[in-house]
2 protein chains.
Amino acid sequence: MTSFLPDPYDRDCPTRQLLDRIGDQWTVLIVGTLGGGPLRFTEIGRRVQGISQKMLTQTLRALVRDGILERRMYAEIPPRVEYELTDLGRDLAEPLSMLAEWAKAHMGRVQEARESYDRAS
Amino acid sequence: MTSFLPDPYDRDCPTRQLLDRIGDQWTVLIVGTLGGGPLRFTEIGRRVQGISQKMLTQTLRALVRDGILERRMYAEIPPRVEYELTDLGRDLAEPLSMLAEWAKAHMGRVQEARESYDRAS
DNA sequence: CTGGATCCATAAGGATACTG
DNA sequence: CAGTATCCTTATGGATCCAG
C-alpha cells in the first residue's frame, strides 16, 4: 500500500477537493440513502436521522450543483420533489459503500482500541 | 446499487460512527499520507499542506486512540517521533484509496457541473 | 410539502507564544 | 523536534418563523 494522495502538497488536487465536499457530515449519508432509489425531500430528512431541515436543504442543493443528484419537481398540490442519484452520483456511491463495508467490519475494533487507550490514560 | 446505510435511522450504526470520525477533513489526508510508510511529526505536517500544528497534533492523537496509527517515540535529542499505520489503518487506507481514485477520475465532471449550474442561476 | 430567511449558540480551527 | 496552552475569529449548524 503506497500513499494514495496524488500530491499532498497541492491543495487543489482532486482528492482534496472531493474531501472538502464530502467532509461535511451529511453528504455521504444522503448519497447513501439515495442509493436505494429516488426519494422525496421529507423522506430523506426522516431517514437521515438527526439532520436539520436547513442542512438538508443546503446539502441537497450543493449535491445537485455538483451533478451528484438530480432534482425533479412535480407541479402538484401539495408540491412533490424527488431527488435521485445521477450516473455520476451512482458512481460515487460505489467507493462510499466500500467505506461502509469497512465500517461494519472494523468499527468494533476501533471501539475496543478507544476503550483500551482510555483505560491506559 | 442499493442503499449502503445499514440503518439510516440509527445514529449509532457503524457507518455513521466512521463518518463522524473521518469527516473531520484531516483524518483522510493523514492516513493517505502515511500510506507510503512511517513519517515523523513534522514531515506529516509538511505533506498535509494547510494543516495547522494544532489540528495535526489533535488528529494524530485521535487516530492513535482509534488504533489506526501507532506512535513510536525515540528517546533522542532532539526527540524523534514516528507515526505509522497499524494493520487496521492499512486496511482503512484501502477503501479510502478507492475514493481518491474516484476523485481523480470524476472531479473534472463535478467541476463542469458546478459551472453549468452557476451559469443557469 | 418544500423550502427560504434569520437569529443565535456552540464548536472548529488558525495564530501565536511557550516548554521539555 | 514535538508538542502544549491560550486567545480569538470564523464557520457550522440548530431553532424558529415565514412563504409559495
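Below, chain A is the first sequence line, B the second, and so on; all start at residue 1.
Closest to the side chain of Gln53(B), from the set dC1(D), dT4(D), dG14(C), is dT4(D). You'll find that the side chain of Arg80(B) is closest to dA2(D), out of dA2(D), dG3(D), dT6(C). Distance from the side chain of Arg61(B) is smallest for dT4(D) among the nucleotides dT4(D), dT2(C), dG13(C). The side chain of Val81(A) approaches dG3(C) more closely than any other nucleotide in the set dG13(D), dT4(D), dG3(C). Considering only the side chain of Arg71(B), dG3(D) comes nearest among dG3(C), dA15(C), dG3(D). Out of dC1(C), dG14(C), dG13(D), the shortest distance to the side chain of Trp26(A) is found at dG13(D). Counting only heavy atoms from C-beta on, Pro79(B) has its side chain closest to dA2(D) among dG14(C), dA2(D), dG14(D).
Straight-line distance from the CG atom of Leu63(B) to the C1' atom of dG3(D): 16 Å, rounded to whole Å. Taking atom CD of residue Gln58(A) and atom C1' of nucleotide dG14(D), one finds them 11 Å apart after rounding to whole Å. Between the CD1 atom of Ile30(A) and the P atom of dT2(C) there is a distance of 14 Å, rounded to whole Å. Counting to the nearest Å, the C1' atom of dA5(C) and the CE atom of Met55(A) are 15 Å from each other. Here the P atom of nucleotide dG14(D) and the CD1 atom of Ile51(A) are 8 Å apart, to the nearest Å. The CG atom of Leu39(A) sits 11 Å away from the P atom of dT2(C) (whole-angstrom rounding). Straight-line distance from the CG atom of Leu56(A) to the C1' atom of dC1(C): 12 Å, rounded to whole Å. In this entry the distance linking CD of Glu43(B) with P of dC1(D) reads 11 Å, nearest Å.
For the pair Thr42(B) and dA2(D), the criterion of a side-chain N or O lying under 4.0 Å from OP1 or OP2 is met. Taking only side-chain nitrogens and oxygens, Arg40(A) never comes nearer than 4.0 Å to OP1 or OP2 of dG3(C). Checking the phosphate oxygens (OP1, OP2) of dG3(D), a side-chain nitrogen or oxygen of Tyr83(B) falls inside 4.0 Å.
Checked by atom type, the side-chain pair Ser121(A)/Asp118(A) shows no donor-acceptor distance below 3.5 Å.
Between the side chain of Arg90(A) and the backbone N or O of Leu85(A), at least one donor-acceptor pair lies under 3.5 Å. The closest donor-acceptor contact from the side chain of Asp66(B) to the backbone of Ile68(B) lies at 3.5 Å or more, if one exists at all. Panel note: side chain Ser116(A), backbone Glu112(A); no donor-acceptor pair is recorded below 3.5 Å.
Using a 4.0 Å heavy-atom cutoff across all strands shown, Tyr74(A) reaches no nucleic acid atom at all.
Each of Thr57(A) and Lys54(A) was assigned the nucleotide of DNA chain C with the nearest heavy atom; the assignment lying further toward the 5' end belongs to Thr57(A).
No continuous path of hydrophobic side-chain contacts links Met98(B) to Leu92(B) [ILVMFWY only; heavy atoms under 4.5 Å].
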